[in-house]
Amino acid sequence: MPELPEVETIRHTLKRFVVGKTIENVQVFWPKIIKQPDDVEAFKLLLHGQTIHDIKRKGKFLLFELDDYYLVSHLRMEGKYSVHPKVEAIPKHTHVIFALSTGEELRYNDVRKFGTMHVLEKNQLFQEKPLNHLGPDPFDPEFTIDYFSEKIKRTNRVIKAVLLDQTVVAGLGNIYVDETLFKAGVHPLKNANKLTKAEIAAIRKQAIATLKDAVKQGGTTIRSYVNGQGEMGMFQQELNVYAQENTACKNCGRTIIKMKVGGRGTHVCPGCQKQ
DNA sequence: CTGGATGTTCGACA
DNA sequence: ATGTCGAACATCCA
């Protein structure tokens, strides 16, 4: 499900429901979601009595700032958070419940059970898994043209694979990579190390612009994404190529096609993106 | 009914 | 060392 704009929207909307509240109890119904500590009982014990002070984000990860730790949560394809009164019925696919001091529950729901949670010491947040090898966010000052060009030169992969690589730049996923490459006028199958300086600059610029715009629209809802208050995103109205196959390109009128690139469904305008 | 696809990532292989 | 591919899992659609 969520890429950077969706995670950012969840972060923002969820904050007002949980900040200042204390975790009094934790229930885990699908232990494989808990990656650190490896023992689920230890996970519960660490969180017991911890107050949630803030929610931050790095790439597609949510970072719950607690008294002594960060709870690092990745939503993968379908993960969702929501806050409910304890008495409210627990829906299917709810796998982790954090009971809060207010009598409410922060619930983690994940149809496909791919999501992950790590509890990390605050001072080594970025020193160990899962955050240690992440590249900069597109909005970070470190994501310069020089940095991006260096990364691109050293690889033999197609540009779409490079943009999906979170160690290069953190936060882009399948939707926003396709949208970025369309706006930059670059074909997803183009070899990264054959890109011109101008193309590299355009990709960087359009990645930043696309994500900013999508954050403004509260993310993209294709079928299941909702934010921390259960609301859908609006960016799907602005999609140029993703999920637009067999429709006319808004720019040139040619028919948008769908193909496979590195195993991922990939949307291309054959007029605007030449290989 | 069966196979393929879904917004992600990682570990197993070549 | 790098790059590709399937698996983790549930659901929906052709």
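Keep in mind the model is a prediction, meaning the values are calculated, not measured. Naming: A, B, ... by sequence-line order, numbering from 1 per chain.
The phosphate of dA10(C) (OP1 or OP2) has a side-chain N or O of Lys113(A) nearer than 4.0 angstrom. The phosphate of dG3(C) has OP1 or OP2 within less than 4.0 Å of a side-chain N or O from Thr155(A).
Between Tyr108(A) and His95(A), the ring center distance fails the sub-6.0 Å criterion.
When all heavy atoms are compared, the tightest approach of Ile55(A) to Arg11(A) is O-NH1, 3.1 Å.
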### Task
Just do the side-chain contact (heavy atoms from CB on, under 4.5 Å) check on Phe64(A) and Tyr70(A) with the steps written out, would you?
CA-CA 5 Å; Phe64(A) 293 83; Tyr70(A) 274 98; 5.9 Å; no

(Q) Run the salt bridge (Lys or Arg N to Asp or Glu O under 4.0 Å) test on Glu104(A) and Lys86(A) for me, step by step, so that the C-alpha distance in whole Å, both residues' side-chain angles and the decisive distance to 0.1 Å come before the verdict. (A) CA-CA 5 Å; Glu104(A) 299 162 299; Lys86(A) 191 183 300 218; over 6 Å; no

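Put simply, the side chain of Lys274(A) gets close to the backbone of Pro270(A): a donor and an acceptor are under 3.5 Å apart. Without hydrogens or angle criteria, Asp140(A) side chain to Asp137(A) main chain gives a donor-acceptor distance under 3.5 Å.
Between the CG atom of Asp165(A) and the P atom of dG3(C) there is a distance of 9 Å, rounded to whole Å. As rounded to whole Å, 12 Å separates atom P of dA10(C) from atom CD of Glu78(A). In this structure, Leu163(A) places its CG atom 16 Å from C1' of dT8(B), rounding to the nearest Å. In this structure, the CZ atom of Arg154(A) is 12 Å from the P atom of dG3(C), given to the nearest Å. Counting to the nearest Å, the P atom of dC9(C) and the OH atom of Tyr108(A) are 14 Å from each other. Atom CG of Leu75(A) and atom C1' of dA8(C) are 16 Å apart (whole Å).
Between dG3(C) and dG7(B), the two P atoms lie 23 Å apart (nearest whole Å). Comparing dA12(B) with dC9(C), their P atoms are spaced 16 Å from each other, to the whole Å. Nucleotides dA8(C) and dC1(B) have their C1' atoms positioned 24 Å apart, rounded to a whole Å. With P as the reference atom, dG6(C) and dG4(B) are 11 Å apart, rounded to whole Å. Separating the P atom of dA1(C) from that of dT9(B) is a span of 24 Å, rounded to the nearest Å.
Here Lys190(A) pairs with Glu199(A) in a salt bridge; the nearest charged N to carboxylate O distance falls below 4.0 Å. A salt bridge is defined here as a Lys NZ or Arg NE, NH1 or NH2 lying under 4.0 Å from an Asp or Glu carboxylate O, and Arg157(A) with Asp165(A) meets this definition. A salt bridge links Glu150(A) with Arg154(A): at least one charged nitrogen is closer than 4.0 Å to a carboxylate oxygen.
Here Tyr225(A) does not lie in a stacked arrangement on the base of dG7(B), lacking the combination of planes under 30° and ring centres under 5.5 Å apart.
Sparse packing is recorded around CE of Met234(A), with 12 or fewer heavy atoms of other residues, nucleotides or ligands lying under 6.0 Å away.
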A correct 5'-to-3' footprint of nucleotides 9-14 of chain B, with B, S and - meaning base, sugar-phosphate only and no protein heavy atom under 4.0 Å, is B-S---

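The Lys258(A) side chain lies nearest to dT6(B) when the options are dG3(C), dT6(B), dA8(C).
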Show me the protein contacts with nucleotides 11-14 of chain C, counting only N or O atoms at under 3.5 Å.
residue	atom	partner	partner atom	Å
dT11(C)	OP1	His93(A)	NE2	2.9

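Donor-acceptor pairing under 3.5 Å is lacking for the side chains of Tyr225(A) and Lys80(A).
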Each base of DNA chain B marked ( ) or [ ] if paired in-strand (Watson-Crick or G-U under 3.5 Å), | if paired to another strand and . if unpaired gives .|||||.|||||||

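Using cut-offs of 30° and 60° for the angle between ring planes, the Phe61(A) and His74(A) rings count as perpendicular.
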